[in-house]
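As structure tokens, the structure follows; a few thoughts come after it.
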Protein chains: 2
Amino acid sequence: MSLPHVLLGVLEARPMSGYELTQLFGASTRWVWSAPQSQIYPALKKMEENGLIQGEEQQRGTRMTRTVYTITDAGLSELKEWIGTPLPIPPSRDALEVQALYFDLVPAESAKRVLKEFISEQEEALDHAEAHQARLLAKDTELLRERMTKRPPDQHDRMARLKAHVFAGHAAMARTRIAWAQEGLRLLDDAN
Amino acid sequence: MSLPHVLLGVLEARPMSGYELTQLFGASTRWVWSAPQSQIYPALKKMEENGLIQGEEQQRGTRMTRTVYTITDAGLSELKEWIGTPLPIPPSRDALEVQALYFDLVPAESAKRVLKEFISEQEEALDHAEAHQARLLAKDTELLRERMTKRPPDQHDRMARLKAHVFAGHAAMARTRIAWAQEGLRLLDDAN
DNA sequence: CGCACCATGTAAAAGGTTACATGATTGA
DNA sequence: TCAATCATGTAACCTTTTACATGGTGCG
């Protein structure tokens, strides 16, 4: 039940088309949420039916139209209510943990290959999170600027710090995971 | 594609019925994987069709039967291959992070309520992970004992340490998340 | 003209959740 | 006899993934 709320959160910054949203959510494992295009267009339609957003058709060139969606008052209050609602803990389902649980069944080399690949992915995630955190603290992202224009300047610092904190968390998690995997490499090397 | 492998991993310890497996995977958000009963029975059937496990019907009382599944050689090699295969990074999809990204839209009190609930869940997870880690290091869990009976004693320490390491990771992640949420509480309290 | 990008959809399948349904056994 | 637990399934629904499908626009 979260995708609509994530979309509302983005549209709170400014109106966007389905295409723009697919770019944001697409491919990049890097942002806080990911969703393919095939999920986004139907979601937008349903949200419009429910009155959470309002689509406006715009002409592009002669015979191409794009629909730009704006969050409605109803959408904004739905979003605010959701943000303040404690959600049920999602069930844990981490395949790497399962693999690690059974590392004793395979040659140390195989297990180490899995961990090393994981470490390099997490290092990339760490870099990305730190970079984004810095950009937010510097108030140097497009969406944050859009959001700030609608709010009194004395709130801008707090907005930036709260958003940066999410990516600080991302980074901290990546560091913890890397340390865990490195300890795993050490354990695998230990003579039995 | 992971549920069958998780089931294989458990059945590597000893043969079990669908019922026993549902107990293990049930409800408890606490173990490494969770799955409802309605997923487990069909999965077992399919795995038997694929020759990964072998079911044996046992009589219970007069007119009740249970099917106990044993991992086959094919199942064991499938499991081992999977354990050594680096898996694609799952897309990030953490609803709390999305909420936190928009905490500036709601009263600090609402946001703090969400974080506090999260902290107490994570504290519980932390306790559980530490306890399980200790139990594994002490070689004091039923399944680990079963597994050790099939392996030379000089491997037992390594088995226990590798499995304990998974829960050490769980614990480390919980600690990181708690620290993150506490920093969030501080930021929310900061005057704008 | 051709290529990169803009723009929007549908369909099929897989994975997961919740609810419904049924009955036997064990022990207090 | 009553309740807790043992034991196994199906059905409907929702979410997510992968793939297919189509065409316009802008620029070099």
Side-chain angles (χ1 to χ4, degrees), chain A residues 1-8 15-29 31-50 53 55-69 82 87-95 98, chain B residues 1-8 15-29 31-50 53 55-69 82 87-95 98:
Chain A
M1 282 292 293
S2 298
L3 178 59
H5 296 105
V6 183
L7 291 168
L8 287 175
M16 282 191 199
S17 67
Y19 183 76
E20 274 183 285
L21 289 163
T22 55
Q23 301 303 97
L24 248 188
F25 286 75
S28 70
T29 317
W31 203 57
V32 287
W33 203 268
S34 96
Q37 169 252 50
S38 63
Q39 225 186 334
I40 289 174
Y41 285 105
L44 289 170
K45 279 213 167 157
K46 208 173 174 190
M47 288 162 72
E48 188 174 21
E49 276 170 38
N50 297 342
I53 56 178
E56 189 210 351
E57 300 231 327
Q58 291 184 349
Q59 289 301 311
R60 295 273 291 167
T62 344
R63 81 206 83 188
M64 208 178 175
T65 55
R66 76 171 152 197
T67 308
V68 173
Y69 293 95
W82 180 80
L87 302 171
I89 341 90
S92 61
R93 204 168 282 126
D94 183 330
V98 178
Chain B
M1 283 292 293
S2 298
L3 178 59
H5 296 105
V6 183
L7 291 168
L8 287 175
M16 283 193 200
S17 66
Y19 184 77
E20 274 183 286
L21 289 163
T22 55
Q23 301 304 98
L24 248 188
F25 286 75
S28 69
T29 318
W31 203 56
V32 286
W33 203 268
S34 96
Q37 170 252 48
S38 61
Q39 228 187 331
I40 289 173
Y41 286 105
L44 290 170
K45 280 213 167 156
K46 208 174 174 190
M47 289 163 72
E48 188 173 23
E49 277 169 37
N50 297 341
I53 57 178
E56 189 210 352
E57 300 230 328
Q58 291 184 349
Q59 289 301 311
R60 296 272 294 167
T62 345
R63 81 206 83 188
M64 208 178 175
T65 57
R66 78 172 152 196
T67 308
V68 172
Y69 293 95
W82 179 82
L87 302 171
I89 341 89
S92 62
R93 204 169 282 126
D94 182 330
V98 178

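Naming: A, B, ... by sequence-line order, numbering from 1 per chain. As the structure is a prediction and not an experimental result, all values here were calculated from the model.
Residues A:Y41 and A:Y19 come closest through the heavy atom pair OH-N, 3.3 Å. Of all heavy-atom pairs spanning B:G18 and B:L44, the tightest one is CA-CD1, 3.6 Å. Nearest heavy atoms, A:Q39 versus A:A35: OE1-CB, 3.6 Å.
Base contact: A:S38 has a heavy atom under 4.0 Å from a base atom.
In this structure, B:R63 places its CZ atom 8 Å from C1' of C:dA24, rounding to the nearest Å. The CZ atom of A:F25 sits 14 Å away from the C1' atom of D:dT16 (whole-angstrom rounding). The distance between atom CG of B:L3 and atom P of C:dA14, rounded to the nearest whole Å, is 15 Å.
Not a single donor-acceptor pair, N or O on each side, falls under 3.5 Å between the base of D:dT8 and the side chain of B:S17. At a cut-off of 3.5 angstrom, the base of D:dT17 holds no donor-acceptor pair with the side chain of A:Q39.
OP1 or OP2 of D:dT8 has not a single side-chain nitrogen or oxygen of B:T22 nearer than 4.0 Å. When the side-chain nitrogen and oxygen atoms of B:K45 are compared with OP1 and OP2 of D:dG9, one or more of them lie within a distance under 4.0 Å. Contact check, A:R93 against D:dT16: no side-chain N or O comes under 4.0 Å of OP1 or OP2.
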Set out, in order, the CA-CA distance, both residues' side-chain angles and the distance that settles ring-ring contact (aromatic ring centres under 6.0 Å, His included) for B:W33 and B:F25, then state yes or no. CA-CA 6 Å; B:W33 203 268; B:F25 286 75; 8.1 Å; no

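Listed nucleotides C:dT17, C:dT25, C:dA7 differ in distance to A:R60; the shortest reach to its side chain belongs to C:dA7. Each of D:dT17, D:dT8, C:dA7 was ranked by its minimum atom distance to the side chain of A:M64; first place goes to C:dA7. With distances taken from any side-chain atom of A:Y41 to the nucleotides C:dG9, D:dT16, D:dT8, the minimum falls on C:dG9. Listed candidates were C:dT17, D:dT17, D:dT10. Nearest to the side chain of B:P42 is D:dT10. Checking D:dG9, D:dT18, D:dA11 against every side-chain atom of B:Q37, the shortest atom distance belongs to D:dG9. The side chain of B:Y19 approaches D:dT5 more closely than any other nucleotide in the set C:dT8, C:dG16, D:dT5.
Using bins of under 30°, 30° to 60° and over 60° for the plane-to-plane angle, the ring pair B:H5/B:W82 lands in the parallel bin.
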